[in-house]
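Down below is the structure, laid out as C-alpha cells.
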Amino acid sequence: MRVLNVSSPRLKKRLDSLARVDGLLAGKIMRGEHGELEYSEAVLDMLKELNFVTSDQGLQRAASRLADRPQQREVAGASFGL
C-alpha cells in the first residue's frame with residue numbers, strides 16, 4: 001500500500017505481526033460490500049507506528065510494544081480498504 005509507503009508483501013508481513021498479538025486487531029478488520037478487507041483508523045495508526053519503530057526493532061517486538069499502549073479512541077465508521 002503506497003499510502004503507507006510500503007509494498008503489498010511488506011504490508012501483509014506487518015499485518016501478520018499485529019495479528020499475532022492477542023486481541024490487538026479484534027474488531028478492527030471488517031469485510032466490505034464486495035468482500036474486500038477494510039481496516040479501522042486504529043489499524044492504520046498501528047501500521048504507521050510499526051513503520052516508525054521497525055527501523056530499530058523487529059516487527060513482532062514492535063507489534064508487542066503497540067499492544068502495551070493504551071488503546072486509542074476510534075473514529076466511528078472510519079475504515080480503510082488496504
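Here the structure is a predicted model, which is why all the values come from computation and not from measurement.
With rounding to the nearest 0.5 Å, the separation of CZ in Arg14 from CD in Glu49 is 12.0 Å. The line from OH of Tyr39 to CG of Leu15 is 4.5 Å long, rounded to the nearest 0.5 Å. Note: Lys48 NZ to Glu41 CD = 7.5 Å, rounded to the nearest 0.5 Å. Annotation: the span from Met46 atom CE to Leu24 atom CG amounts to 4.5 Å, rounded to 0.5 Å. Considering OG of Ser7 and NZ of Lys12, their distance stands at 9.5 Å, rounded to 0.5 Å. Annotation: the span from Leu50 atom CG to Leu18 atom CG amounts to 4.5 Å, rounded to 0.5 Å.
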List the steps, then state whether side-chain contact (heavy atoms from CB on, under 4.5 Å) holds for Glu38 with Ile29. CA-CA 6 Å; Glu38 294 182 350; Ile29 300 175; over 6 Å; no
